[in-house]
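One structure is given below, encoded as structure tokens.
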Number of protein chains: 4
Amino acid sequence: MPSETFFNLPTDKRERFVQVAAAEFAAHPYDSASITRIVRELGIAKGSVYQYFADKLDLFLFLLDEAGRRKLAAIGPLSLDGLDVFERLARMYAAGLALYRDEPVWAALSLRLTEPSREPRLEAMRAELASRSRDGMRTLLAEARDAGQLRHDVDVDVAAALVHAMLAEGLLAAWRQREDAALEPIVDQALSLLRHGLSASYPQPELPSGMSQTRT
Amino acid sequence: MPSETFFNLPTDKRERFVQVAAAEFAAHPYDSASITRIVRELGIAKGSVYQYFADKLDLFLFLLDEAGRRKLAAIGPLSLDGLDVFERLARMYAAGLALYRDEPVWAALSLRLTEPSREPRLEAMRAELASRSRDGMRTLLAEARDAGQLRHDVDVDVAAALVHAMLAEGLLAAWRQREDAALEPIVDQALSLLRHGLSASYPQPELPSGMSQTRT
Amino acid sequence: MPSETFFNLPTDKRERFVQVAAAEFAAHPYDSASITRIVRELGIAKGSVYQYFADKLDLFLFLLDEAGRRKLAAIGPLSLDGLDVFERLARMYAAGLALYRDEPVWAALSLRLTEPSREPRLEAMRAELASRSRDGMRTLLAEARDAGQLRHDVDVDVAAALVHAMLAEGLLAAWRQREDAALEPIVDQALSLLRHGLSASYPQPELPSGMSQTRT
Amino acid sequence: MPSETFFNLPTDKRERFVQVAAAEFAAHPYDSASITRIVRELGIAKGSVYQYFADKLDLFLFLLDEAGRRKLAAIGPLSLDGLDVFERLARMYAAGLALYRDEPVWAALSLRLTEPSREPRLEAMRAELASRSRDGMRTLLAEARDAGQLRHDVDVDVAAALVHAMLAEGLLAAWRQREDAALEPIVDQALSLLRHGLSASYPQPELPSGMSQTRT
DNA sequence: AATGAATGAGTATTCATTCAT
DNA sequence: TATGAATGAATACTCATTCAT
């Protein structure tokens, strides 16, 4: 929600502003990100920032929005028709991973919304985002279960959390520790793990003694 | 590494200090945690903190140590003998989860060490911890593969990252969204996912069309 | 190296700042000089200082520079052509003395660079200044000796230190204890002492029994 | 003026205290010297210092006294009988220099009294000391002049300041820049400079054009 | 007599935000 | 519309001094 003033800026100036600001918020958690550093780097007046944006949070939210827009532009709408649930999951998160590879700054910026902050309005957004993302995953898995694609003993709620973590943090970590830039083999590994791990089309082994001795 | 002064404090005072300080660092990333807030909350003089600890980092490291000590005290050493790799993994992370349930403040504090910081000494520790933890997981999986417990197409490096994310972030998220406090069913779900997902004792399905169309 | 901001200040405000800051650093060694006192005296916000200067040292170095500039402006470049070494020495130091008389604050400020400090960058500068100043004096005397203007038994290195002290500390002290403001008679006294003390054009007396009994 | 408590201390403990405290005040100007550092180094309680001394100044003054006592003990009363004024001067300051060589800590401590401070009581003492020392030098030179040992054109007041600076700062600087430890040659140089510079037994040259063009 | 915990004002420095020009 | 100077509360940290035990 920048002011009109911001959009009236010459394109190159506006883009430079966006790029430098994004880099700052990508490099530091929201609370530690510094408007002072941004204007110092840009060589513009501090007041300008407040002519464009209401406050620090306003700027940050705009950048998050921008990150989403760029992601969409870079990846395009995913065509997931005709794919089973595992393929769809893999492709969705692979898209995010590709963004991280191609636009690390914007990807890092997006991840800032998963961190806690002292800014209450940000905390609220974070909670809501987490809840929506969880719901999405749950819905996807629930549909799969109803379509008979999941083993019967899979708890959709729990699996949603596990799969999300694996595909969000896990994929990213796996890719970061690799020297090569090839995403496909990594995504294939995750897909295989998921397929074996959840699919109904594979035989059920009897569980061993299991967690019954685990301290809870 | 607190000073002797700190250990000579009356027990209740010292414990209140530890509790309030832990809460501060659990609630905020290291850079944003505020000693000013701690002393304000405690109602003591600012100088007192520096009678006890050399500086902010010294206090933080002591609290991390304390978190480790409490974890050990709460859980005891894990007995993992005779268990297969999946059981072992599940129990290790379940232990961490149990700590999070019983001592959420201390668990959150521990997780702070996974976040980046502008304090160089802390960054060094974080990098080392991450590297050690990654290596541990890799070693575990590599041993399992050599013992024939993993499917042959599993890439140990990638799987290590995926499994770690699933069991660290994933388990935690799954538990947090539940209202009940029972850990066992959640851990069992993860165990099952892992077993089906990685174990060699289950048949290999042929992969469907796969990632060949995925944008990389 | 103040920021542009500082130079854009209204002249009177900037000059008042400079004067108050100079007075503070003139009155206290660098380590004890207090930015808090400066802003309290000026009645401005603490943050303002850091709009103008990067840090305490930056401010101090600017003031030292300013002192040099004012000295130059007040005295102008010295014309020492055609004078013998004693005249040249006397005039050089007399110039510093005149500055002290006319601008005691700025002179005191300059002398701060001769004091030790806990600021490493300042220590480095001090060491270098001392070394350069010693070398300058030595060179001057060495030239005089080569030109036959010095008695043959004069040790240039030792004489350099003695003469420097006499003309720096000594002249200043002599002038400070006088109520009148006339520099000339004082400088003439020093010149005479130097001339008799070092010049080759005066007869050599045989030294009395001398230092042979001195404890070393 | 330490308390009785201090003198009742076991000798070795008391001496260690004195030595460490002296080192601190020798290493830092009075304002910057830190009692915290002293007790940290000694490993004693902070309160102890205040059981021995009323405050920081009280401790410092005691140490200054002690420095005087040690100087006297190390050097003994100077026997200056039968010497002319130049010899007497040289020996007096040479004694101080010897102290600096043998006991650099105590000598540095003594010099602290020549530095300005924010402690008003210290400032008063400094002024008084300077005045007394100046008077002593003036008296010495005045007697010499009355005894016909000084050239007639020597201004006793000015010469007192010049000679003091040369023998205090100058001698010290000359000795410090030398690698060898021999004091005698350095003192001889100063003696010679003084003798030629001030003595009545040497012919008066006519002064050259002189300071008449010097800006005052 | 010694301890050492507590104090609180002091230090330099950073920062988001405001507002007159 | 842009500027950029001013603000003042925030940060971590130091210090001489006090006082109950």
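Every chain is numbered from 1 and lettered A, B, ... according to where its sequence line falls, protein lines coming before strand lines.
Taking the ring centroids of D:Y52 and D:F17, they lie under the 6.0 Å cut-off.
Within the 4.0 angstrom heavy-atom criterion, only backbone atoms of the sugar-phosphate kind lie near D:T5; the bases stay farther away. At the heavy-atom level, A:S34 lies under 4.0 Å from the strands shown only through sugar-phosphate atoms. If you check every strand for non-hydrogen atoms under 4.0 Å, D:N8 touches nothing. Nucleic acid contact for A:S48: base, since at least one base atom lies under 4.0 Å from a heavy atom of the residue. As judged by a 4.0 angstrom heavy-atom cut-off over every strand, D:K56 is placed among residues touching the sugar-phosphate backbone only. Counting non-hydrogen atoms under 4.0 angstrom, C:F53 reaches nothing in the nucleic acid. Counting non-hydrogen atoms under 4.0 angstrom, D:L9 reaches the backbone sugars and phosphates but no base. In this structure, C:A33 reaches the sugar-phosphate backbone alone: every heavy-atom distance under 4.0 Å involves primed, P, OP1 or OP2 atoms, never a base. Residue-level contact check: C:F6 touches neither bases nor backbone, having no heavy atom under 4.0 Å from any strand.
As a whole-Å value, the separation of D:D55 CG from F:dC15 C1' is 14 Å. Spacing between atom CD of B:Q51 and atom C1' of E:dT3 amounts to 13 Å, rounded to whole angstrom units. Rounded to whole Å, atom P of F:dT17 lies 10 Å from atom CG of D:L59. Between B:L42 atom CG and E:dG8 atom C1' there is a gap of 16 Å when expressed in whole angstrom units. When rounded to the nearest whole Å, the span between CD of B:E119 and P of F:dT11 equals 17 Å. As a whole-Å value, the separation of D:R37 CZ from F:dA16 P is 8 Å. Spacing between atom CD1 of C:I38 and atom P of E:dT13 amounts to 11 Å, rounded to whole angstrom units. Distance A:Y52 OH to E:dA16 C1': 17 Å, rounded to the nearest Å.
Each of D:A54 and A:A45 has a nearest nucleotide on DNA chain F; the 5'-most of these lies closest to A:A45. Position along DNA chain E of the nearest nucleotide to C:T36 versus B:K46 favours B:K46 as the more 5'-ward residue. Comparing C:G47 and B:Y50 against DNA chain F, the residue whose closest nucleotide sits nearer the 5' end is C:G47. Residues C:I35 and B:V49 both approach DNA chain E. Their nearest nucleotides, taken by heavy-atom distance, put B:V49 toward the 5′ side.
Both distances falling under 3.5 Å, in either a Watson-Crick or a G-U wobble arrangement, place F:dA20 opposite E:dT3. The base-pairing partner of E:dG10, taking Watson-Crick or G-U wobble contacts with both distances under 3.5 Å, is F:dC13.
Of all the heavy atoms in C:L42 and C:R16, the pair that sits closest is O-NH1, 3.5 Å. The two residues D:K46 and D:T36 come nearest to each other via the heavy atoms NZ-OG1, 3.1 Å.
Note that CD of D:Q51 is 13.0 Å distant from CZ of D:F6, once rounded to the nearest 0.5 Å.
Checking E:dA12, E:dC15, E:dT3 against every side-chain atom of B:R118, the shortest atom distance belongs to E:dC15.
Taking the ring axis of B:Y50 as reference, the NZ or CZ atom of B:K56 does not stay both within 45° of it and closer than 6.0 Å to the ring centre.
Side-chain contact annotation: D:S32 with C:D31, donor-acceptor N/O pair under 3.5 Å absent.
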